[in-house]
2 protein chains.
Amino acid sequence: MGAGLEIPLDRILLGDCIETLRALPPASVHAVFADPPYNLQLRGTLHRPDHSLVDAVDDAWDQFTDFAAYDAFTREWLTECRRVLRKDGTLWLIGSYHNIFRLGTALQDLGFWILNDVIWRKANPMPNFRGRRFTNAHETLIWAARSEDAKYRFNYAAMKALNDDLQMRSDWYIPLCTGNERLRDEAGNKLHPTQKPEALLHRVILSCTQKGDVILDPFSGSGTTGAVAKRLGRRFIGIERDPTYAAAAERRIAAIQPLGDVETAPTPTRKEQPRIAFGSLVERGLVQPGATLTDRHRRWAAQVFADGTIACGTARGSIHGVGAAVQEAPSCNGWTFWHLVQADGALKLLDVFRTELAG
Amino acid sequence: MGAGLEIPLDRILLGDCIETLRALPPASVHAVFADPPYNLQLRGTLHRPDHSLVDAVDDAWDQFTDFAAYDAFTREWLTECRRVLRKDGTLWLIGSYHNIFRLGTALQDLGFWILNDVIWRKANPMPNFRGRRFTNAHETLIWAARSEDAKYRFNYAAMKALNDDLQMRSDWYIPLCTGNERLRDEAGNKLHPTQKPEALLHRVILSCTQKGDVILDPFSGSGTTGAVAKRLGRRFIGIERDPTYAAAAERRIAAIQPLGDVETAPTPTRKEQPRIAFGSLVERGLVQPGATLTDRHRRWAAQVFADGTIACGTARGSIHGVGAAVQEAPSCNGWTFWHLVQADGALKLLDVFRTELAG
DNA sequence: GACAGTGATGAATCGAACC
DNA sequence: GGGTTCGATTCATCACTGT
């Protein structure tokens with residue numbers, strides 16, 4: 001703690017991000033988690049196929065005139081965060097393709113040292129309704145030390161334990177914040193447009209801090225960082241300029257019961273089912289385009305295409321759809337119906353490939 | 001093709017990336033796939049922002065200057081790629097956290113319009129031996145159109161088919177390039193340090209090009225882009241400055257057997273299916289004049305006329321128009337909205353009739 | 001109470017062909 | 001190029017309701 005500045009702990013500070021950061025003492029926090037505006041640049045309105053309206057992020061705080069303005073803002077608050085961060089502290093950022101490249105570049109230019117980029121793979125993302133792009137199913141986090149030569153904390157064993165005794169990878173599979181976890185106003189509408197799931201912050205905080213450490217969130221919003229920090233026995237400082245959000249976060253955090261020393265055991269995360277698409281067998285060359293599939297009794301023969309579809313007679317589509325069509329059945333599990341005709345004429349059930357890949 | 005420049009197809013051009021790009025005609029390729037170097041030890045080939053050459057043995061460069069040199073190099077070759085790219089073409093980049101933020105920022109600054117960032121999740125990444133970070137288990141790709149307002153190709157149906165009839169997401173699970181696919185020298189050592197798996201290029205090329213399109217790879221390396229392009233019936237241009245890599249890639253690609261027209265036939269989309277008018281169902285007696293149509297919830301009932309129009313309340317017109325009118329929606333796909341009430345009272349979706357007729 | 005079915009919704013840079 | 005028409009387009013999750 002320096003310069004006689006006090007560090008206000010376990011509160012949401014109401015005010016402008018940069019000004020408030022400037023009032024904090026240097027080298028005083030162990031970690032920063034920042035979820036800045038994404039600068040989404042949405043143009044029109046978007047409807048679902050059922051004509052319902054997609055509730056977009058159109059808030060004033062996400063509007064910037066151009067990349068230069070966004071970059072200038074980014075560098076200002078990142079500079080202050082770096083000043084406030086202890087030499088052995090680390091910083092987390094989260095963003096999407098709209099802004100994450102600006103953030104990463106600024107980070108590197110300011111002297112931070114990137115340790116990992118981490119992918120939050122969303123279990124249940126919003127689909128792409130118009131079919132014009134890939135489903136945007138992830139967000140990117142960046143984890144960085146204050147400088148290249150800095151010591152930093154990484155709780156390797158905790159992360160490994162959280163991942164069934166395998167090293168924690170840089171891709172994390174976590175559901176969106178929905179249901180009862182999502183804060184709502186009196187009318188039942190979501191209080192904050194971009195509330196992050198507690199599971200995400202749980203992993204972040206557990207990975208790089210210990211009990212009693214101070215975590216700063218300069219864009220506190222709905223207060224997820226503070227809530228998880230308190231539950232895990234960490235201290236926090238939140239900064240938020242919207243009084244409604246700040247008040248809701250204070251109430252939310254006040255209701256949190258900190259875990260005892262014993263129960264600080266990591267919450268088990270939902271296990272992901274390995275899902276294999278037939279197309280990936282084609283991509284990987286395990287099944288060649290042009291190959292022949294047949295059923296157990298060799299009654300039907302189907303040909304494989306480069307896109308992972310198959311064709312049999314006039315039917316073309318997935319292994320499941322074509323299997324159903326030839327049998328005139330309402331549905332069919334193509335994995336257990338179709339066999340690959342191998343070079344020697346022997347049959348190999350597709351499901352065997354799947355088992356091999358998943359294992 | 002402009003300025004009398006010839007476009008050299010299906011070859012690896014040996015030479016400096018930027019110089020060779022400058023010799024290509026503008027707006028001549030349909031897609032670019034670029035896997036640029038990202039070790040920042042390229043000093044011998046890097047230029048300062050003022051285009052002067054960076055001295056390879058000059059250790060006085062600080063971190064910022066290194067980044068500036070890398071950025072200048074990046075902007076130079078990206079500018080040339082943008083010139084060579086057709087207006088309706090798209091560009092793919094791949095990188096890791098060391099360079100991907102520089103690449104993405106440069107893309108945006110040069111006027112490219114990011115469509116997706118895509119995560120290549122490695123099935124078998126190298127573990128983190130020292131236990132000081134998360135296992136770096138992914139690389140990031142960026143997919144971008146030439147400008148914000150540009151039309152571009154996205155083979156939505158092919159990507160959906162490749163993913164078992166679910167929309168393709170932005171996170172791709174693909175193994176590293178190993179085993180027989182990996183090119184090796186006489187001593188059995190891997191020929192190229194970062195050879196990309198063919199499965200990755202298969203998905204990239206299938207997603208945004210059609211047969212006969214030209215794909216440019218300015219950092220061709222081991223030639224994966226050319227190999228997969230040739231197999232899928234696309235044309236390619238590779239650029240590589242290392243003669244050993246270029247020669248190995250030429251040999252590799254020469255051995256590729258292109259798939260036939262059948263196996264690479266484009267995935268049929270609904271739009272390309274033979275157009276069926278609702279009236280033809282009435283003409284053929286599949287739907288009787290006077291029959292009743294209703295929606296899934298039996299909220300509305302409409303009567304069928306001999307001319308293929310339907311009426312519901314005061315609304316009369318096509319299945320699309322009346323469907324939109326009763327829902328007070330701007331539009332409606334009548335095929336997937338209306339069901340025929342059959343003799344036994346059961347409902348049959350009109351789209352099922354259409355599928356039967358088309359098949 | 002269990003289970004099935006329904007409806008709502010999530011950081012989204014989300015037409016194209018034709019006259 | 002601008003205006004108009006046609007028609008194509010969604011996955012996982014969870015709260016809630018009804019049987």
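Each chain gets a letter, A, B and so on, in the order its sequence line appears, and its residues count up from 1.
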- Task: Determine the contact category for A/R43: base if any of its heavy atoms lies under 4.0 Å from a base atom, sugar-phosphate if only primed atoms, P, OP1 or OP2 are that close, otherwise nothing.
- Result: nothing
Between [M] and [N], how far apart are the [atom1] atoms? Round to whole Å, please.
N      : M      : atom1 : result
C/dA17 : D/dT9  : P     : 14 Å
D/dT10 : C/dT9  : C1'   : 11 Å
D/dC6  : C/dA11 : C1'   : 32 Å
C/dG1  : D/dT17 : C1'   : 15 Å

Between the protein and nucleotides 2-9 of chain C, which nitrogen or oxygen pairs are less than 3.5 angstrom apart?
unit_1, atom_1, unit_2, atom_2, d
C/dG7, OP2, B/H297, NE2, 3.4

* To do: Give a yes/no on whether any side-chain N or O of B/Y152 is located under 4.0 angstrom from OP1 or OP2 of C/dC14.
  => no
Checking C/dA12, C/dA11, C/dG10 against the side chain of A/N124 (C-beta onward), the nearest is C/dG10
Listing for DNA chain D: consecutive Watson-Crick or G-U pair runs of at least 3, distance cutoff 3.5 Å, ranges ordered by first number, gives C:2-10 with D:11-19, C:15-19 with D:2-6
[Y] ring centre to [X] NZ or CZ under 6.0 Å, with the angle to the axis within 45°?
X      : Y      : result
A/R316 : A/F305 : yes
A/R102 : A/F67  : yes
A/R203 : A/W172 : yes

In numerical order, the residues of residues 56-67 of chain A whose heavy atoms come under 4.0 Å of DNA chain C are A/A56, A/V57, A/W61, A/D62
